[in-house]
Amino acid sequence: MAKKTKPIERRNMTKLQSLSEAIRQLLKDGDTVYAAGFTHLIPFAAGHEIIRQGKKELTLARATPDLIYDQMVAAGCAKKVIFSYMGNPGVGSLRYVRGEIEAGRLEWEEYSHFSMISRLQAGATGLPFMPMNPTAAGDLEKANPNYRKVIDPYTGGEVVVVPPLKPDVAIIHVQRADANGNAQIWGIIGEQKEAAFAADRVILTSEEIVDEEIIRSDPNRTIIPGFIVDAVCHVPYCAHPSYTQGYYDRDNSFYLAWDEISKTPEAVKAYLDEWVFGVADRAEYWEKLGKEVHQRLKVSSRPSAVIDYGYY
Amino acid sequence: MNDITYTSSELLTINAARLLRDGDVVFVGVGLPNLACNLARRTHAPNLVMIYEAGVIGAQPARLPLSIGDPTLVSGALSVCSMYDIFAFYLQRGNVDVGFLGGAQIDRYGNINATVIGDYAHPKVRLPGSGGSMEIAAWANRCYILTPHQKRRFPEKVHFRTSAGFLGGRSEREAAKLRGAGPLAVVTDLGVMEPDENGELILTALHPGASVDQARENTGWDLKVASNLKTTKPLTVEELTILRNELDPDRIYLKGGE
């Protein structure tokens, strides 16, 4: 599936819209979705909006499904997950996804981190596959036919290859973006750039919407150019209970709490009713979390030294 | 040292820290490996470089990181790169000295299962899976495994080989031409196992107070004992003090084995 060229009239106009409009217009039942972010910047607000809109039959791809996919699977949005580490990071098991797999109710496709990310890299760079050195472990390569071996034409040795992953939709959360979707990230940059370039459609959520001049003041920090972005959504606190570097901390206590909640379908339903269906959007969710949580997740300032690009 | 009590987590962490050398570039996981690296940095290895699979290089965490992508790893780090870069430029290229590994099962040849108990297609217990371990086990110069010494964790053969130890024996790993040397030590709460000339894990050291019988009873294969079986050095007050007072004061990871 080739990446579509954006219609010319969309290139220089504002792409600002609400997250709920963006999900409604750009994400369809049956799509393959990559909600990016390795521990950092996980777009939970988008996951919740997908649940609220009752999207179905999605293939959910992420190196680490994390709580965002556990919740989406629990809400019945998914038919399949593609992953490389299915745990609750720092806590243990990802109970809902695990339970659905063990019960035979959820399809899955599994990689190591490097091969998962290599698939995105192939998708993002337009290559037919990505090669990797062999690891000799063997069993995952037997279990997943997407792993193949080819002969290195230069040395005659074997390399392991994986095909491109080209999600229908990538959802990327960033610290700041302009109205055209030129987006800057700092902190852990995981696989956001690869996911955005690999995907057919890109939904950007951002803590702040800034003037283009701010973006242009620090071009090295721009990970995603606006011309591959379809929608820009201003969603402060989008990443909670994950975090946004420099904006708010990871809510580790919620990751622990989810370990309890996800033990029973009743508790999961109660959670979704209260925190997903029970709120209109992320602003309401954040308000509902309350002052104690806001206070606990505050971070103090540690700015970088200013760099000088110079006038030329 | 006889009057000092400690948990098995403290025992594992301190013995792991001692395996690290000054200047090592270490691929670190959260939990005990993170504590071991930070302990080594504060004692004999001040120039140790900690790398995290989230793409952080030269982290100096100011607080205990609670996930592999904790923001404290980023603030003050030397560099941050993408996941693709950390695995390609750093690990695959051969820039990582040490990798820490763990898993539900470790077999006679140091192969690890972190994927599934039972049949892959119809799993009895579905485990988290490889994450970075498939590549770390193959490409880090040296690998160390930290795990409690329990029979169910040490079967003769793993149900699923998530990451390579010595495969079916040292010659098999050599034939596979992996760049890394494989698992060089398995540190348990009873002692240390190391690969012999065939790549088979044998008991090479006991912790003070542990016995060969205990180790053999808690291993799923016929565990051989090195002819020059050593006793690990007792934990020092300095090591325990740094761990308890500075690195994990809330005992989030150290309480294990209390």
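Predicted, not measured: the structure shown is a model, and the values here were computed from it. Just so it is clear: chains get the letters A, B, ... in the order the sequence lines come, proteins before strands, and each one is counted from 1.
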Which one, [options], leads in non-hydrogen pairs under 4.5 Å with chain A?
{"options": "B:Leu178, B:Leu127, B:Val30", "result": "B:Leu178"}
{"options": "B:Ala54, B:Gly132, B:Gly55", "result": "B:Ala54"}
{"options": "B:Ala114, B:Ala164, B:Gly131", "result": "B:Gly131"}
{"options": "B:Asn111, B:Val125, B:Thr162", "result": "B:Val125"}
{"options": "B:Cys81, B:Gly118, B:Ser133", "result": "B:Cys81"}

How long is the straight-line distance from [atom2] of [Y] back to [atom1] of [X], given to the nearest 0.5 Å?
{"X": "B:Leu66", "Y": "A:Thr39", "atom1": "CG", "atom2": "OG1", "value": "12.0 Å"}
{"X": "B:Leu73", "Y": "A:Gln245", "atom1": "CG", "atom2": "CD", "value": "9.0 Å"}
{"X": "A:Ser118", "Y": "B:Phe87", "atom1": "OG", "atom2": "CZ", "value": "9.5 Å"}
{"X": "A:Ser84", "Y": "B:Met83", "atom1": "OG", "atom2": "CE", "value": "5.5 Å"}

Considering only heavy atoms and a distance below 4.5 Å, find which of [options] pairs most often with chain B.
{"options": "A:Glu194, A:Gln121, A:Lys193", "value": "A:Gln121"}
{"options": "A:Gly87, A:Ser115, A:Gly190", "value": "A:Gly190"}
{"options": "A:Gly157, A:Gly187, A:Ala63, A:Pro65", "value": "A:Gly187"}
{"options": "A:Ala143, A:Ser93, A:Pro89", "value": "A:Ala143"}

Please determine whether the number of non-hydrogen atoms from other residues, nucleotides or ligands lying under 6.0 Å from atom CZ of B:Arg244 exceeds 12.
yes

Contacting moiety of B:Ala121, where chain A heavy atoms sit under 4.5 Å
backbone

Heavy-atom contact with chain A under 4.5 Å, split by part of B:Lys177:
neither

For B:Trp139 and A:Phe114, take the angle between the two ring planes, folded into 0 to 90°, and tell me which bin it lands in: parallel under 30, tilted 30 to 60, perpendicular over 60.
perpendicular

Are any of the side-chain heavy atoms of B:Val80 and A:Trp186 separated by less than 4.5 Å?
no

Do the non-hydrogen side-chain atoms of B:Pro71 and A:His40 ever get within less than 4.5 Å of each other?
no

Under a 4.5 Å heavy-atom criterion, the part of residues 97-107 of chain A in contact with chain B comprises A:Arg98, A:Ile101, A:Glu102

Could you walk me through whether A:Tyr85 and B:Ile68 pass side chain to side chain contact (heavy atoms under 4.5 Å, CB included), step by step?
CA-CA 12 Å; A:Tyr85 183 84; B:Ile68 201 78; over 6 Å; no

Does anything in residues 53-70 of chain B pair up under side chain to side chain donor-acceptor pair (under 3.5 Å), and if so which pairs, sequence neighbours excluded?
A:His113-B:Glu53, A:Asp249-B:Arg63, B:Arg63-B:Asp70

If I compare all heavy atoms of A:Tyr243 with all of B:Gly69, which pair ends up nearest, and what's the gap?
OH-O, 2.5 Å

With a 4.5 angstrom heavy-atom cut-off, is it the side chain or the backbone of [X] that approaches chain B, or both, or neither?
{"X": "A:Trp108", "value": "side chain"}
{"X": "A:Leu94", "value": "neither"}
{"X": "A:Met132", "value": "both"}
{"X": "A:Phe83", "value": "side chain"}

Those residues that, when tested against A:Tyr111, pass ring-ring contact (aromatic ring centres under 6.0 Å, His included) (two or more places apart):
A:Tyr147

Expected list for residues 133-142 of chain A: side-chain donor-acceptor pairs under 3.5 angstrom, two or more places apart:
unit_1	atom_1	unit_2	atom_2	d
A:Asp139	OD1	A:Lys142	NZ	3.3
A:Asp139	OD2	B:Arg161	N	2.6

Give the intermediate values and the outcome of salt bridge (charged side-chain N to carboxylate O under 4.0 Å, His left out) for residues A:Glu110 and B:Arg126.
CA-CA 12 Å; A:Glu110 181 174 11; B:Arg126 180 58 235 201; 2.6 Å; yes

Do you see a donor-acceptor pair shorter than 3.5 Å between the side chains of B:Ser82 and A:Gln192?
no

